[in-house]
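Reviewing the structure listed below.
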Amino acid sequence: METLAPEVLISEEDIALRIEALGNAITEEFQGQEVTIICVLKGAFMFCSDLMKKINLPVKLDFVALSSYGDGTASSGTVKMEMDLSDSIKDKNVIVVEDIVDTGLTIQTLKQTLEARGPKTIKLASLLFKPSRNKHPVNIDYLGFEIQDKFVIGYGLDYAGRYRELPYIGVLNAGN
Ligand code: 5GP
């Protein structure tokens with residue numbers, strides 16, 4: 001199997017610092033209330049796990065699995081729900097936790113689906129955002145980092161199912 005050497009784009013330390021700030025912002029905004037975190041599988045699992053630990057509120061957790069990429073590095077242009085939530089979000093303070101907003105199609109589609117279920121509020125936390133690729137505008141309430149138009153891996157993000165375990169965000173460079 002071909003293995004490419006990843007280059008660090010955002011270090012483990014920088015990710016941890018940023019997540020702490022996002023957790024504090026969420027804690028402040030929802031003081032005294034419960035929040036329901038919706039982790040968008042698979043890519044957001046690591047971000048979601050670390051973010052939850054920095055939210056000092058009663059928290060519930062649910063999962064949704066979406067796919068738009070298959071095994072490649074370009075979106076197929078359609079979003080499929082592979083796995084739905086297990087609980088109702090009616091009248092809940094929902095925070096959707098996503099790994100990366102690229103064209104915005106995935107998150108826009110998901111937000112529309114969830115809004116139709118009557119949450120009290122719905123916010124979006126995304127670790128990464130590629131502004132140069134954005135076609136479907138979405139408001140990211142809690143953003144980790146803006147990045148350039150590069151295909152990134154690590155910290156939950158994969159290339160053909162691999163590299164999710166890396167503790168940092170990296171880019172793949174052929175030939176090193
Ligand atoms: P969008 O619908 O915004 O174009 O794409 C969002 C989804 O595409 C993300 O949830 C993620 O799964 C995948 N994606 C977009 N850009 C990247 C990238 O640079 N690296 C990886 N591994 N996945 C990406």
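One is the number of the first residue; the rest follow in order along the sequence. Read the numbers this way: they start at 1 and go in the same order the structure lists the ligands and their atoms.
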Side chain to side chain donor-acceptor pair (under 3.5 Å), that's the test. Do E13 and Y168 meet it? Break it down for me.
CA-CA 8 Å; E13 293 74 21; Y168 56 86; over 6 Å; no

Give a yes/no verdict on whether any heavy atom in G43 is under 4.0 Å from an atom of ligand 1.
no

Can you list every pair that meets side-chain hydrogen bond (donor to acceptor under 3.5 Å, both in side chains) and has a residue in residues 143-155, with sequence neighbours left out?
D50-Y155

Ligand 1-proximal atoms of K130, by part, heavy-atom distance under 4.0 Å
side chain

Taking both backbone and side-chain atoms of V152, is any N or O found less than 3.5 Å from an N or O belonging to ligand 1?
yes

Yes or no on side-chain contact (heavy atoms from CB on, under 4.5 Å) for I169 and L127, after CA distance, side-chain angles and deciding distance?
CA-CA 10 Å; I169 299 287; L127 181 64; 3.9 Å; yes

Those atoms of ligand 1 less than 4.0 Å from some heavy atom in G104:
1 (P), 3 (O), 4 (O)

Ligand-side contact atoms (ligand 1) for residue partner D99, heavy atom cut-off under 4.0 Å
9 (C), 10 (O), 11 (C), 12 (O)

With Y163, which of I153, V152, D158 fulfils side-chain contact (heavy atoms from CB on, under 4.5 Å)?
I153

Hey, is the main chain of F45 close enough, under 3.5 Å, to the side chain of S49 for a donor-acceptor pair?
no

Just to check, does H136 reach to within less than 4.0 Å of ligand 1 when the distance is taken from its heavy atoms?
no

Do V101 and ligand 1 have an N or O pair less than 3.5 Å apart?
no

Show your working on side-chain contact (heavy atoms from CB on, under 4.5 Å) between L105 and K135 and close with a plain yes or no.
CA-CA 8 Å; L105 177 69; K135 280 197 209 117; over 6 Å; no

Polar contact flag for Y159 and ligand 1 (N/O pairs, less than 3.5 Å):
no

Considering the heavy atoms of L105, write down every atom of ligand 1 situated less than 4.0 Å from one of them.
2 (O), 3 (O)

Tell me whether F151 reaches ligand 1 (any heavy atom closer than 4.0 angstrom to a ligand atom).
yes

For D158, counting its heavy atoms only, list the atoms of ligand 1 lying under 4.0 Å from any of them.
21 (C), 22 (N)

Could you go through the side-chain contact (heavy atoms from CB on, under 4.5 Å) check for E98 and F47 one step at a time?
CA-CA 8 Å; E98 175 62 302; F47 172 44; over 6 Å; no

Are any of the side-chain nitrogens in D91 or K120 under 4.0 Å away from the carboxylate oxygens of its partner?
no

At a non-hydrogen distance cut-off of under 4.0 Å, which region of I107 contacts ligand 1 (side chain, backbone, both, or neither)?
neither

If we number the atoms of ligand 1 from 1 as shown, the ones under 4.0 Å from a heavy atom of E98 are 10 (O)

Show the atoms of ligand 1 that are less than 4.0 angstrom away from any heavy atom in L157.
21 (C), 22 (N), 23 (N)

Is the closest side-chain heavy-atom distance between I100 and L157 below 4.5 Å?
yes

Pairing residues for D84 by the salt bridge (Lys or Arg N to Asp or Glu O under 4.0 Å) criterion, not counting sequence neighbours:
R117

Under 4.0 Å from a heavy atom of K150: give me the atoms of ligand 1 that qualify, with their elements.
19 (O)

